[in-house]
Amino acid sequence: MLCEGGKADGKPVKISGWKTDKNHTITITCSASSANGRHSGVWSDAKYRLSVDSDESALKILEDFVTVDGLQIFNSNRHGDCIRLKEGRA
């Protein structure tokens with residue numbers, strides 16, 4: 001999954017219901033070549049970001065074999081998480 005754009009995505013995302021294994025993985029990343037893609041190591045409102053205000057997780061991962069690479073993720077709600085993994089996932 002390739003994420004890019006200068007506006008924040010403001011709704012929580014859940015990765016669930018996929019059939020994954022060591023040969024069939026999910027990678028969520030940002031384009032390094034896009035002007036609105038991957039950040040340069042510091043927060044930038046000009047780059048892609050998942051920015052929510054939710055008592056849930058901004059990104060909930062309920063599957064194995066998922067890689068998140070280069071995303072800016074923020075949850076302004078003090079009761080919410082940025083990333084939550086299903087118990088037993090790493």
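Across Leu50 and Ala58, no two heavy atoms sit closer than the pair CD2-O, 3.4 Å.
Put simply, CG on Leu2 and SG on Cys30 are 7.5 Å apart, with the number rounded to the nearest 0.5 Å. Note that the CD1 atom of Ile73 and the CG atom of Asp81 stand 11.5 Å from one another [nearest 0.5 Å]. Atom CE of Met1 sits about 9.5 Å away from atom CG of Leu71, to the nearest 0.5 Å. To the nearest 0.5 Å, the span separating NZ on Lys14 from CD on Glu63 amounts to 10.0 Å. Within the model, atoms CD1 of Ile83 and CD1 of Ile61 stand 5.5 Å from one another, a figure rounded to the nearest 0.5 Å. Considering CG of Asp53 and CZ of Phe74, their distance stands at 8.5 Å, rounded to 0.5 Å.
At least one side-chain heavy atom of Trp43 sits less than 4.5 Å from a side-chain heavy atom of Arg49. Annotation: side chain of Thr20 is not in contact with side chain of Thr25 (no heavy-atom distance under 4.5 Å). Between Asn75 and Ser57, every side-chain heavy-atom pair lies at or beyond the 4.5 Å cut-off. The shortest distance between side-chain heavy atoms of Thr29 and Cys3 does not fall below 4.5 Å. Taking the side chain as every heavy atom from C-beta outward, Phe65 and Lys22 approach each other to under 4.5 Å. Counting heavy atoms from C-beta on, the side chains of Val68 and Leu59 come closer than 4.5 Å. Under the 4.5 Å side-chain criterion, counting only non-hydrogen atoms from C-beta, Lys47 is in contact with Gln72. Looking at heavy atoms from C-beta onward, Ile28 lies in side-chain contact with Ile15 at the 4.5 angstrom threshold.
In the hydrophobic clustering of ILVMFWY residues, with side-chain heavy atoms under 4.5 Å counting as a link, Val52 and Leu85 come out together.
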(request) Take Asp69 and Arg38 through the test salt bridge (charged side-chain N to carboxylate O under 4.0 Å, His left out) and record every step on the way to the result. (result) CA-CA 9 Å; Asp69 180 36; Arg38 181 183 292 266; 2.9 Å; yes
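For Trp18, the CH2 atom sits in a loose shell: 12 or fewer heavy atoms of surrounding residues, nucleotides or ligands are nearer than 6.0 Å.
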